[in-house]
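Below, chains carry the letters A, B, ... as their sequence lines are ordered, and counting in each starts from 1.
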Protein chains: 2
Amino acid sequence: MNFQVRKQKIIEQLEQDGIIDVKEIAPLLETSEITVRRDLAILAEQGLLVRTHGGAMKVSLSQMPVSFAQKSAVNAEQKDEICRKAAAQIQEGDVVFLDCGSTVFRMCPFIRNLNIKVVTNSLPIINELMGSSVSLNFAGGEIDSERQAAHGKIAVEHFQRYRADKAFVGIDGISLKNGLSASSEKEAEITMAVAQNARETYFLCDSSKLERDRYFPFAGIDFVKHLITDSRASEGLLGEYRSRRVGMIV
Amino acid sequence: MNFQVRKQKIIEQLEQDGIIDVKEIAPLLETSEITVRRDLAILAEQGLLVRTHGGAMKVSLSQMPVSFAQKSAVNAEQKDEICRKAAAQIQEGDVVFLDCGSTVFRMCPFIRNLNIKVVTNSLPIINELMGSSVSLNFAGGEIDSERQAAHGKIAVEHFQRYRADKAFVGIDGISLKNGLSASSEKEAEITMAVAQNARETYFLCDSSKLERDRYFPFAGIDFVKHLITDSRASEGLLGEYRSRRVGMIV
DNA sequence: TTATAATTGATTATTTTTGAACAAATTTAA
DNA sequence: TTAAATTTGTTCAAAAATAATCAATTATAA
């Protein structure tokens, strides 16, 4: 039995049971355990399954409960650097919009002792700032359980009812050519509502996302007045952005 | 059974019951208690649960301020009895308003597998039902950190935008003479908004609160069409309520 | 055919996971 | 409050799984 056939059978079994065991499947494939392991390593590399100690499991099962906390831990150091700078822009008494991105979420520890008013559509932010000195206002509407945030018409209208001194928005992609882009229309919708009803909008974006486009472009680069990024961004790039009148805070 | 599978089962159980016990779950996972503890430690590290002495609990439960958790535990048995009956009134496909009381909160386990739409101003309810089969809609507005809920004009207007099949409202006090009464105006305001925009409103009230008045009366007894209470309520009292055309569900 | 490359299996060393024992800490009961 | 019981952290050893290395087999191409 060659690799292709074994691959077939492994995937098949995985679809059926969700998990497989090296010891169990080796005789079924008429091969040794070490070969099975090698097969699994290859399939894991291709993203077709997730290795476990002693076997493998379906991708969907392994990723099921990815907590917000974990997502927010990706590139944690850069994000903290950005968030410290973002928080420094806020003054006591400000009314602040915060969007629902994982970067913005990390601003919480830096602002929880300020006497400000926060309007947000992010449940993790509300939970995090509950009981702090920040006065909270949640933008209601349909809840997206994946992003743990409200979205849609109602949420947009909620932001439009208020005027904020400052808004802080995480962005998925930005480039000189195509401006701002998002991974979903819903995100873009909220971003625009937030930005248009704040006196100053600060876009947060770690350096890895500079000059990267997402599938849904929704605003030109001229729309961006303040961009906060981390110190890993190249000097040349920063200069180019500045020449387009983007205020860079690095 | 390897770690990945155990992790699955632990999270599953946690979603279902809210808490788990090391002693109870160890045999279910076909492993020793020490291994379960190690698993829990890892999952706690990842923020997927919160460790307790002897087991673990859902993050959402632990984040509740003491006041709410304690309140929700007072008269727990009666409240569960009431909530089971309340949940039995709900049908698949219903749009349901839930208010922010600690009694109503306890309905969550009984409805999390229903295909319904829930509109609420309670953060604990949102956190509890997140990821369930219930479609969620949060009534936004100013957040009251003590009650962990939105209140005020915006929240009221939010409820007014929708029409629900059923509303479930906890009440602090009710009496034949003075009707419904609340401990605060804000609560009464939300209660009225919810009740007036639902086809049927069910008032939840454990028997200890019958014939007890609070400082702010806000609606006559005629306003109450359905009252759900526990079996400790005296027969005579129930009869009196029924004679005032209050539909009693005991 | 012969040389080369790819695949497989066996062996051994290393890593990971698990369970047991016991002291320390925490909770519960008196 | 103190004493008893429970739970936990820590250390160590056993077991299981894996990676690494090398030899054997099979397939491929000149």
Atom [atom1] of [X] to atom [atom2] of [N]: distance rounded to whole Å?
X       : N      : atom1 : atom2 : answer
B/Asp39 : D/dG9  : CG    : P     : 13 Å
B/Ile42 : C/dT16 : CD1   : C1'   : 11 Å
A/Glu33 : C/dT11 : CD    : P     : 14 Å
A/Leu29 : C/dT7  : CG    : C1'   : 15 Å
B/Arg37 : C/dA20 : CZ    : P     : 12 Å
A/Gln4  : C/dA6  : CD    : C1'   : 13 Å
A/Leu40 : D/dT18 : CG    : C1'   : 12 Å

Has [X] got a side-chain N or O lying under 4.0 Å from the OP1 or OP2 atom of [N]?
X       : N      : result
A/Ser32 : C/dT8  : no
B/Lys23 : D/dT6  : no
A/Thr31 : C/dG9  : yes
B/Arg6  : C/dT18 : yes
B/Arg51 : D/dT8  : yes

Next item on the list: Would you confirm whether the ring centroid of B/Phe168 sits within less than 6.0 angstrom of the ring centroid of B/Phe97?
Entry: no
Margin query: Of the listed nucleotides (D/dT8, C/dT8, D/dA20), which one gets closest to any side-chain atom of A/Ile34?
Written below: D/dA20
Notebook entry, point to check: Is B/Arg51 reaching over with its side chain to a backbone N or O of B/Gly55, donor-acceptor style, under 3.5 angstrom?
Noted result: yes
Next item on the list: Find the distance between CG (A/Leu123) and CZ (B/Phe138) and round it off to the nearest 0.5 Å.
Entry: 7.0 Å
Checklist line | Point-to-point distance, once rounded to the nearest 0.5 Å, from CZ of B/Arg112 to CD1 of B/Ile125 | finding: 13.0 Å
Margin query: For a quick check under 3.5 Å, do B/Ser122 and B/Gln148 share a side-chain donor-acceptor pair by atom type?
Written below: no
Note to self: So for atom CD, which belongs to B/Glu33, do other residues, nucleotides or ligands contribute more than 12 heavy atoms lying within a distance under 6.0 Å?
What the structure shows: yes
Margin query: Regarding D/dG9, can its base be found pairing with the side chain of B/Arg38 as donor and acceptor, where the two atoms are less than 3.5 Å apart?
Written below: no
Next item on the list: Apply the test salt bridge (Lys or Arg N to Asp or Glu O under 4.0 Å) to residues A/Arg214 and A/Asp172: give CA-CA distance (whole Å), side-chain angles for both, the deciding distance (0.1 Å), then the verdict.
Entry: CA-CA 7 Å; A/Arg214 296 292 175 161; A/Asp172 285 340; 5.2 Å; no
List, with names and distances, any nitrogen or oxygen atoms from the protein found under 3.5 Å away from nitrogen or oxygen atoms belonging to nucleotides 24-27 of chain C.
none

